[in-house]
Amino acid sequence: MPLKGFKSLCDRNAAQIVSRDKGNPQYHKGINPARACVTHYKIDGTVMKEGDRCDYLLLNEERQIAYLIELKGSDLVKAARQLEATEKKLRQVLSGYSLQYRIVANKCKTQEIRSVEYRKYQIRWKGKLIQRTGFIEENI
């Protein structure tokens, strides 16, 4: 279900959906080989203007999968908190969707990836959290 009151950034059956902030090299590319119905929203500053929030939300409407996407410099714990806060604020809208969490960082320190606080998110979102440096390209 599209977010009421907000226009999707992509066409309904877009083949590729790219989440990228101007001036930053990191990006997330959702590849839609089945040309499923998709919607894409800028959360930070558009849908949500206050509090912690992630950068983008990509919805595969047919498969009922929601991708919460955070493009980050290097602070993985803050990125995970932003994904979590967005999930909580959009809980009603996203009910019925399988949630996937994506963090695309510019750089990551090994000690941060192995930190106790970040590990909590990895355990809680087991199999649903993907973190990469530079970019993520995946079939949605």
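Computed from heavy atoms alone, side chains included, the values below leave out hydrogens, waters and symmetry copies.
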Can any side-chain N or O of [X] pair as donor or acceptor with the backbone N or O of [Y] at less than 3.5 Å?
X: Asn32; Y: Arg35; value: yes
X: Ser8; Y: His40; value: yes
X: Thr46; Y: Ile43; value: no
X: Asn60; Y: Glu62; value: yes

I need the [X] [atom1] to [Y] [atom2] distance, nearest 0.5 Å.
X: Glu84; Y: Trp125; atom1: CD; atom2: CH2; result: 5.5 Å
X: Asp52; Y: Lys88; atom1: CG; atom2: NZ; result: 10.5 Å
X: Cys54; Y: Lys89; atom1: SG; atom2: NZ; result: 10.5 Å
X: Asp44; Y: Leu57; atom1: CG; atom2: CG; result: 13.0 Å

Indicate the atoms forming the closest heavy-atom contact of [X] with [Y], along with that distance.
X: Met48; Y: Arg53; value: O-NE, 3.2 Å
X: Arg81; Y: Tyr121; value: CG-OH, 3.3 Å
X: Tyr118; Y: Leu129; value: OH-CD2, 3.7 Å
X: Ser115; Y: Val77; value: OG-CG2, 4.0 Å
X: Leu59; Y: Ala66; value: CD2-CB, 3.4 Å
X: Leu68; Y: Leu83; value: O-CD2, 3.4 Å

**Prompt:** Quick one: hydrophobic cluster around Val104, which other residues, with the 4.5 Å side-chain cut-off, linked directly or via members?
**Reply:**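 Hydrophobic cluster check, Val104: joined to Leu9, Ile17, Val38, Tyr56, Leu58, Ile65, Tyr67, Ile69, Leu71, Ile130, Ile136, Ile140.
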**Prompt:** Can you list the steps and then say if Thr133 with Asn106 is a side-chain contact (heavy atoms from CB on, under 4.5 Å)?
**Reply:** CA-CA 6 Å; Thr133 301; Asn106 198 18; over 6 Å; no
**No-hydrogen, no-angle side-chain donor-acceptor test under 3.5 Å, Gln64 and Ser98** =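 No pair is found: no donor N or O on one side chain lies under 3.5 Å from an acceptor on the other.
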**Request:** Assess the side chains of Lys72 and Gln82: does a donor N or O sit below 3.5 Å from an acceptor N or O?
**Result:**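 Yes, a side-chain donor-acceptor pair sits under 3.5 Å.
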**Request:** Please determine which of Glu70, Gln131, Glu87, Lys128 meets the side-chain hydrogen bond (donor to acceptor under 3.5 Å, both in side chains) test together with Tyr101.
**Result:**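 Among Glu70, Gln131, Glu87, Lys128, the one meeting side-chain hydrogen bond (donor to acceptor under 3.5 Å, both in side chains) with Tyr101 is Glu87.
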**Request:** Please say whether more than 12 non-hydrogen atoms of neighbouring residues, nucleotides or ligands are located less than 6.0 Å from CZ in Phe135.
**Result:**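 Incorrect, the count does not exceed 12.
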**Asked** CZ of Arg12: more than 12 outside heavy atoms within 6.0 angstrom?
**Response**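 No, CZ of Arg12 has 12 or fewer neighbouring heavy atoms, counting only those of other groups under 6.0 Å.
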**Asked** Under the salt bridge (charged side-chain N to carboxylate O under 4.0 Å, His left out) criterion, do Asp21 and Lys42 qualify, and how do the steps go?
**Response** CA-CA 10 Å; Asp21 289 334; Lys42 175 92 170 119; 3.3 Å; yes
**Message:** Please enumerate all residues that pass side-chain contact (heavy atoms from CB on, under 4.5 Å) together with Lys29, with sequence neighbours excluded.
**Reply:**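 Checked Lys29 against side-chain contact (heavy atoms from CB on, under 4.5 Å); matches are Gln16, Val18, Tyr27, Ile31, Glu137.
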